[in-house]
Amino acid sequence: MQELKRVIESHLGEVMAGQGLDSQSWIQMLVAAREPAQGDIALPCFSFAKVLKQSPVEIAERLCTEIETYMSQNSDLERTLLWVKAVNGYLNFMADPSWIADQVFPEGCSDDAGRGKPSGHKVLIEHTSANPNGPFHVGRARNAILGDTLVRLHRLIGHEVMAEYYVDDMGKQVGILSWALDNLEHDDVERILSQAGIEAADQRWANKQDHQRVRWYQAANILKSDDSEIDAKVGELVRLSEEGDESVLESFRTAYQPVLDGMLETLSRLGIEYDTFTEESRFVIDGSVSEIMSKLEDSPLHDTAENGAHYLELESKGVKGKSTRFYFRRGDGSSLYATRDIAYHQWKWNQCDRLINVLGEDHKLQSMQVSIALQEVGSKAPEVVFYAFIKLPEGKMSTRRANVVFMDDLLDEAETRALEAVKQLRGSEMDEKRMQEIATAVATSAVRFNIINVAPEKGFTFRWEEALNFEGDSAPFLMYSHTRACAIRRRIIQDGHDIDALIEQGLEEQVWNQLPDSPSIVALLRALGRHNDALAGAVNSHRPHLFAGQLLHLASSFNGFYRDHPVFKDGEVSLLNLLLCEVSRRYLATGCKALGIIPIEEM
RNA sequence: GGGCGAUUAGGGUAGUCUGGAUAUCCUUCCGGCUUUCGGAGCCGGAGACGUGGGUUCGAAUCCUGCAUCGCCCGCCA
């Protein structure tokens, strides 16, 4: 409805000025109407009462009369607005449904429907970047799903996007994993874990290395907690890795790579892929970390601790708490994770003009420190999207404590349930293989949607019933609406019609100029009319759930239309209804893809 | 101790930045649509802004006190 706002603004300046209202005072008051019946745009007139010394009700009524007069003399505005009404001190504007259709057609029936034009912007989105120490679990999923959805949304709106995974290949977690694999036998691991009450690994994942090796990681963590010698050995390995010791880094890689591969296999089931992987160690090896450290030493915020460690004092930058120091070099001269992160950010900036990080809320302080440090070395700060954690009803998820729901298990369970549902509906007519394909699409889509449909900053408790919900506000609901539109298409083609010719004919005749008096058609047109605004809003604010909401609304409006208005009846095709069906189908398909929902044609 | 975020019907959730009418949608419960382009759907009804102040013609929205929950305040990653 941004376009409607623009039209109103551009036409009514004179009328409003004639009533003593300059543009500043009224344009910013224009809001979206609350109830559909109240119109599309509303102008509350309460704030004008003081200036004009009149009651809001009177003002609204007078403005209404003036605008109606203006409208009758201006064909542009008359085409745009169906009516203007004064109600209880509000001035309500209702867009003409045919005008809304003007905004939607003919683009809505083209292959670029619901897609932005190439912007020329290069956006690098770093997400997931989970430590490769165990299988991908639901707690980590919010990062990956949010990140991948942002990647898809930015691509849809026309940006060139690089999806990037930062591989932490030299930290303590990988160090523990590596030590465990070198020093523990299979029987040791299982004995330690069973003594600690951790149950045996699921045999289904016997051949998946992430599920296997995490046992070593967990066992080593248990041993380490009451054997300081192990801690020291791991610490030594980590120290060597930080110095760029090639043989240590190599043994780390041997330890984590199969784990990472397993994680990526899981992510791939969710439709999540990356363009680039960057290892943390590269910034130590190529010298950029030392460069950063010497640059930071020139900062006015720089200071040195008693043992020679270096830090930035960030109190003047608004950092508060017990410690306002940001350490970037240890007493022994080595770098820290955050120091490497600064080098990494500089490297990322070389490849893009927009940089987006997806991070858990636990990284807020760290991220602010890195941003300040980046500015100190002359770089820009990234845009950061934070999200709250997904927890279990029993508490926080943790790979170390084996308190997790593995994504592989969730996806399998979702597939099983989806297959049941498909069999129940289509079992008599469809072959097994096809039903399995549909179940896979439904399962991954549903899992993604349940996570993306909630605002990132809201805490999220994982519950099996909700994750596996296929009704109501869910991916299958969107997918189902889409299959209906596809089914209509199939039916028309099957009946021997040239559907593309019919669409072309409808567009040429501009059949939307003669709309039937139908609430469900108007509702659908309004849903279509705001589709692109919703996409832009979601992308610009990094809030994909806003676009998910739009798609639900669109699907629901389409379902209402579907119920009331047959496209194909008694061998005849309604051109108007065909166009509406076609644009809905296209918007749903591209929109679903942008959320990682697979818009299959039958289910 | 300090910082950041959250709190909306029985459950989940949108709206809060930028104050405006009857607070969104799902689930649940109740009542309809006996499926003629696919009912994983559609239509109707019931049910909520944590709490005390303040600002305002008007507060879920802004300010402030309190409560509850989460995250953070490491020469770890």
Side-chain angles (χ1 to χ4, degrees), chain A residues 28-29 31 33-35 38 42-47 49-50 55-56 87-90 92 131 168 170-175 235 238 280 305 307-311 318-325 327-332 334 336-338 340-341 360-366 368 386 388-389 391 396 418 421-422 424-426 442 453-455 457-461 463 465-466 469-474 476-481 483-492 495 520 541 545-546 548-549 552-553 555-556 559-570 573 577 581 602-603:
Chain A
Q28 58 172 1
M29 297 298 296
V31 294
R34 226 171 41 76
E35 294 284 318
Q38 290 165 345
L43 181 68
C45 299
F46 306 96
S47 61
K50 237 176 210 170
S55 83
V87 187
N88 299 331
Y90 290 83
N92 291 334
N131 277 313
D168 190 350
M170 52 187 293
K172 193 189 272 180
Q173 320 231 20
V174 170
V238 172
E280 186 182 344
N307 70 344
H310 295 252
Y311 62 89
V319 175
K320 288 169 185 161
K322 284 177 189 161
S323 169
T324 55
R325 293 177 177 185
Y327 283 93
F328 62 89
R329 174 177 246 162
R330 292 199 189 93
D332 65 6
S334 63
L336 289 100
Y337 175 83
R340 271 113 55 189
D341 205 18
E361 60 183 350
D362 56 337
H363 282 70
K364 273 187 182 174
L365 176 61
Q366 168 99 48
M368 179 161 64
F386 292 106
F389 290 117
K391 40 176 196 167
K396 194 178 169 179
V422 180
Q424 209 170 0
L425 291 160
R426 308 294 301 271
V442 167
N453 194 32
V454 179
E457 71 275 11
K458 298 265 186 178
F460 190 107
T461 302
R463 292 189 179 86
E465 323 85 74
E466 284 168 25
N469 168 37
F470 295 161
E471 286 171 3
D473 277 356
S474 68
F477 172 75
L478 296 177
M479 297 165 79
Y480 189 73
S481 302
T483 62
R484 280 178 151 173
C486 292
I488 293 172
R489 225 182 123 80
R490 274 198 303 273
R491 186 66 217 282
I492 292 172
D495 210 60
S520 56
S541 61
H545 72 281
L546 297 178
L552 288 170
H553 177 68
S556 180
N559 287 335
F561 158 79
Y562 173 90
R563 159 98 181 203
D564 294 343
H565 302 282
V567 176
F568 181 74
K569 196 180 181 186
D570 304 330
V573 176
N577 295 344
C581 176
E602 56 172 352
M603 62 190 277

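Note on naming: letters A, B, ... go to the chains in the order of the sequence lines (proteins, then strands), and numbering restarts at 1 for each one.
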Write down the atom of [X], the atom of [Y], and the distance for their closest heavy-atom approach.
X: A:R329; Y: A:L336; result: N-CD1, 3.5 Å
X: A:G360; Y: A:F386; result: O-CD2, 3.6 Å
X: A:K172; Y: A:V238; result: CA-CG2, 3.7 Å

Only residue of A:N577, A:V567, A:T483 satisfying side chain to side chain contact (heavy atoms under 4.5 Å, CB included) with A:I488 is A:V567

Suppose you measure atom [atom1] in [N] against the same atom in [M]; what distance do you get, rounded to whole Å?
N: B:C29; M: B:U35; atom1: C1'; result: 24 Å
N: B:G47; M: B:C25; atom1: C1'; result: 15 Å
N: B:C42; M: B:U51; atom1: P; result: 33 Å
N: B:A9; M: B:C72; atom1: C1'; result: 33 Å
N: B:G50; M: B:U16; atom1: C1'; result: 16 Å
N: B:A59; M: B:A21; atom1: P; result: 10 Å
N: B:C62; M: B:U56; atom1: C1'; result: 10 Å
N: B:U7; M: B:C33; atom1: P; result: 40 Å

Watson-Crick/G-U partner (both atom distances under 3.5 Å) of [N]:
N: B:U7; result: B:A67
N: B:U34; result: none
N: B:A48; result: none
N: B:A40; result: none
N: B:A14; result: none
N: B:U56; result: none
N: B:U22; result: none
N: B:U61; result: none

What's [X] touching, base or sugar-phosphate or nothing? Going by heavy atoms closer than 4.0 Å.
X: A:R426; value: base
X: A:K50; value: sugar-phosphate
X: A:S47; value: base
X: A:Y562; value: base
X: A:Q28; value: nothing
X: A:F477; value: sugar-phosphate
X: A:R563; value: base
X: A:N131; value: sugar-phosphate
X: A:H545; value: sugar-phosphate
X: A:A487; value: base
X: A:M479; value: nothing
X: A:V174; value: nothing
X: A:A338; value: nothing
X: A:G549; value: nothing

For RNA chain B, note the earliest and the latest nucleotide, 5' to 3', having some atom under 4.0 Å of a heavy atom belonging to chain A.
->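 From 5' to 3', the first and last contacting nucleotides are B:G1 to B:A77.
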
Is the shortest side-chain heavy-atom distance between [X] and [Y] below 4.5 Å?
X: A:Y562; Y: A:C581; answer: no
X: A:R563; Y: A:S520; answer: no
X: A:V442; Y: A:M603; answer: yes

Find out whether the Lys NZ or Arg CZ of A:R325 is both under 6.0 angstrom from the six-membered ring centre of A:Y311 and within 45° of the ring's axis.
->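 Relative to the ring axis of A:Y311, which defines the angle, A:R325 lies inside both limits.
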
Results of salt bridge (charged side-chain N to carboxylate O under 4.0 Å, His left out) for A:E280 - residues two or more places apart only |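 A:R340.
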
With A:S474, which residues qualify under side chain to side chain donor-acceptor pair (under 3.5 Å), at least two apart?
->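 None.
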
Most 5' of A:K364 and A:R490 on RNA chain B, judged by nearest nucleotide |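 Here A:K364 is the residue nearer the 5' end.
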
When you match A:A555 and A:E457 each to their closest nucleotide on RNA chain B, which lands nearer the 5' end?
->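 Final value for this comparison: A:E457.
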
